[in-house]
Structures are given as C-alpha cells and as structure tokens.
J.: 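This structure is in structure tokens; I'll ask about it shortly.
FYI, the numbering just counts along the sequence from 1. The structure displayed is predicted, hence computed values, not measured ones.
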Amino acid sequence: MENNYQLSRIHNYIHDLMSREEMHALEREALEDPFLQDAIDGYRMQQGVDAKQLSLLQQRLAARVDSLAGERSKRFYSWQRLAVGMAAGVMFLIVCILILMRYLPNQNTADLTEVEIMSVKEYVVQVIPSAGDAQPVQGWQHLEGRIAKGLENNIVEEGEKHVRLLFDERGKLTVSNVRNGLLNQIFEEEEWKGKEAVFSLKVNAKK
C-alpha cells in the first residue's frame, strides 16, 4: 500500500497533479533519499511504463525503504544499548563512592581510637633517699628520669615502694629487694658509688 502511494506521488509530481506544498515535500524527501530521486528521474524519462516495469520499480522502492528502516533501527538500538551501559557504569561508580564514604569515616574513627589506646603511658617517678651510703653517680634526679623513661608504655604497679640495693666494690648491683625485672634492669645499668642504697620509690601514672 505504501509503495503504491509512493508511485502515485511520483506520477502526480511528474504530471504536475500535486499542490505546491506536496511537490516541495516530495523534493525534500528526494534530497534525503537518492534512490527516491533516481526513481523520480527514471519515471520522468520513461514515456510509457508498463505494469511489469512499475512492479519492478515498486519492489526496488520497497526494498530501499525497508533497508533504510532497518539501518535506522540498528542505529537506534546501538545508541540505546550504549546509553544503558553508560547509565549502569555511572550507577556503579556512585554506589562505590557511597560505600567508601560510609566506610572511611568508621575506619578513621577506629584508627583514632587505636591511636588513643596506644598513646604513650607516662609515669611520674619520685625517689626519696632514706639510708645507706650509695647513690647514683649522676644523681638521684637522673635516676628518676631514667626510671620514668624506662616505664613508658608498660603496666607498672603504682604507689610507693621501699627499695634496698647492695653493690660490690665496682658499683655493680648484687642484691635487690625489688621484684620488678624492668626496675632491676634500670638499677643494674645505672652507675653507682657506695655499697648500700635505701630509698622510697613513688610511681604514679601521669594525668
């Protein structure tokens, strides 16, 4: 039916049986479709066209119309698939960003909590000599600072302790009533002069 309509339009166009608006419309279509222009030119050149020729022309015109429709359909669906793919990619990216935004603050909070828990634990140390002739070569204040530094980040029983240390002639520790191995290590590494040191050791966490 469509093909008969096209042939009828071409016939009316050639024989000036169309209005000016209809002629202009057909001419615009011919500019976009070279085959239609060829059909118009061929129809104009033929003085007598039999039914077989019209049928062949009709079939060629129908094939051309179907071909153009198929190409347009392919282009449409290709762009449609591309648009759907791009939309899916954008959605995936947005979801990833939302997941990261939700996870990173929690991770930062966890890191901050871990840092707070692992912050340096410091102690205030005070040494009060009470008896004995021995003392640190570099003084009691130096011993206080060394003990405080050595106890950092260690769990130590707080409070006051009574300490009694004995040394040999070379100033090496031989006897200690302290049961804390870390403190005894500090006492052993410290340089002493004298044979006996008796003092109170106060250890409290720094606030």
Side-chain angles (χ1 to χ4, degrees), residues 68-207:
L68 290 176
E71 291 177 1
R72 290 170 184 166
S73 178
K74 289 180 180 178
R75 287 196 297 268
F76 172 76
Y77 286 112
S78 296
W79 280 106
Q80 188 179 43
R81 286 194 295 268
L82 180 60
V84 171
M86 292 177 63
V90 172
M91 290 298 296
F92 177 75
L93 182 61
I94 293 174
V95 171
C96 291
I97 293 174
L98 292 177
I99 292 175
L100 289 175
M101 291 177 62
R102 183 175 181 180
Y103 170 76
L104 288 179
N106 295 335
Q107 183 67 25
N108 292 336
T109 303
D111 293 342
L112 180 60
T113 303
E114 184 177 356
V115 170
E116 291 176 351
I117 293 175
M118 296 180 62
S119 60
V120 177
K121 186 173 181 62
E122 299 179 332
Y123 294 92
V124 177
V125 177
Q126 185 179 9
V127 176
I128 305 173
S130 57
D133 63 334
Q135 63 178 355
V137 173
Q138 299 185 52
W140 294 107
Q141 187 174 1
H142 176 269
L143 179 62
E144 289 177 348
R146 189 166 185 178
I147 294 173
K149 184 66 176 178
L151 296 181
E152 284 183 358
N153 296 327
N154 288 280
I155 300 176
V156 180
E157 182 181 356
E158 300 181 32
E160 185 175 357
K161 298 176 179 63
H162 179 72
V163 180
R164 181 173 182 269
L165 306 176
L166 298 180
F167 306 93
D168 60 15
E169 295 178 353
R170 296 176 298 176
K172 297 299 182 181
L173 180 66
T174 57
V175 178
S176 173
N177 69 332
V178 178
R179 297 182 179 179
N180 187 299
L182 182 58
L183 287 175
N184 282 326
Q185 182 180 353
I186 295 173
F187 295 149
E188 289 176 356
E189 294 174 352
E190 185 73 17
E191 295 184 46
W192 298 83
K193 57 182 178 180
K195 295 183 178 181
E196 181 182 12
V198 181
F199 54 91
S200 295
L201 177 62
K202 294 183 179 180
V203 178
N204 295 288
K206 183 180 289 187
K207 298 179 181 179

J.: Verify side-chain contact (heavy atoms from CB on, under 4.5 Å) between V203 and V124, making sure each step is shown before the conclusion.
T.: CA-CA 6 Å; V203 178; V124 177; over 6 Å; no
J.: Which atoms form the tightest heavy-atom contact between W140 and V127, and what is the distance?
T.: CE3-CG1, 3.4 Å
J.: Hey, is the main chain of H162 close enough, under 3.5 Å, to the side chain of N177 for a donor-acceptor pair?
T.: yes
J.: With a 4.5 Å heavy-atom cut-off, do F187 and V178 have their side chains touching?
T.: yes
J.: Can you sort out the partners of Q135 under side chain to side chain donor-acceptor pair (under 3.5 Å), two or more places apart, ordered by chain and number?
T.: none
J.: Between L166 and K195, does a side-chain contact (heavy atoms from CB on, under 4.5 Å) hold up when you go through it step by step?
T.: CA-CA 6 Å; L166 298 180; K195 295 183 178 181; over 6 Å; no
J.: Would you check if L165 and F199 make a side-chain contact, meaning some heavy-atom pair closer than 4.5 Å?
T.: yes
J.: Closest heavy-atom contact between W192 and A197?
T.: CZ3-CB, 4.0 Å
J.: To the nearest 0.5 Å, what is the distance between CG on L98 and CG on L93?
T.: 9.5 Å
J.: Show your reasoning for whether side-chain contact (heavy atoms from CB on, under 4.5 Å) applies to I128 and K202.
T.: CA-CA 8 Å; I128 305 173; K202 294 183 179 180; 4.0 Å; yes
J.: For D133 and G194, work out which heavy atoms get closest and say how close.
T.: OD2-CA, 4.0 Å
J.: Roughly how far apart are N180 CG and L151 CG, rounded to 0.5 Å?
T.: 7.0 Å
J.: Compare all side-chain heavy atoms of Q126 with those of E160 and state whether any distance is below 4.5 angstrom.
T.: no
J.: To the nearest 0.5 Å, what is the distance between CG on L183 and CD on E188?
T.: 11.0 Å
J.: For N184, what residues pass the side chain to side chain donor-acceptor pair (under 3.5 Å) criterion, not counting sequence neighbours?
T.: S176
J.: For E158, give me all partners under side chain to side chain donor-acceptor pair (under 3.5 Å), at least two apart in sequence or on another chain.
T.: none
J.: Only counting residues at least two apart or in another chain, list the ones meeting salt bridge (charged side-chain N to carboxylate O under 4.0 Å, His left out) with K149.
T.: E152
J.: Out of curiosity, E169 CD to T174 OG1, how far, rounded to the nearest 0.5 Å?
T.: 11.0 Å
J.: Looking at residues at least two apart in the chain, or sitting in another chain, which of them share a side chain to side chain donor-acceptor pair (under 3.5 Å) with E196?
T.: R164
J.: Which distance, rounded to the nearest 0.5 Å, do you find between the CG of N204 and the CD of E122?
T.: 14.0 Å
J.: So, using salt bridge (charged side-chain N to carboxylate O under 4.0 Å, His left out) as the criterion, who are the partners of E189 when residues are at least two apart?
T.: R146
J.: Just verifying a value: how many Å separate N154 CG and Y123 OH, rounded to the nearest 0.5 Å?
T.: 7.0 Å
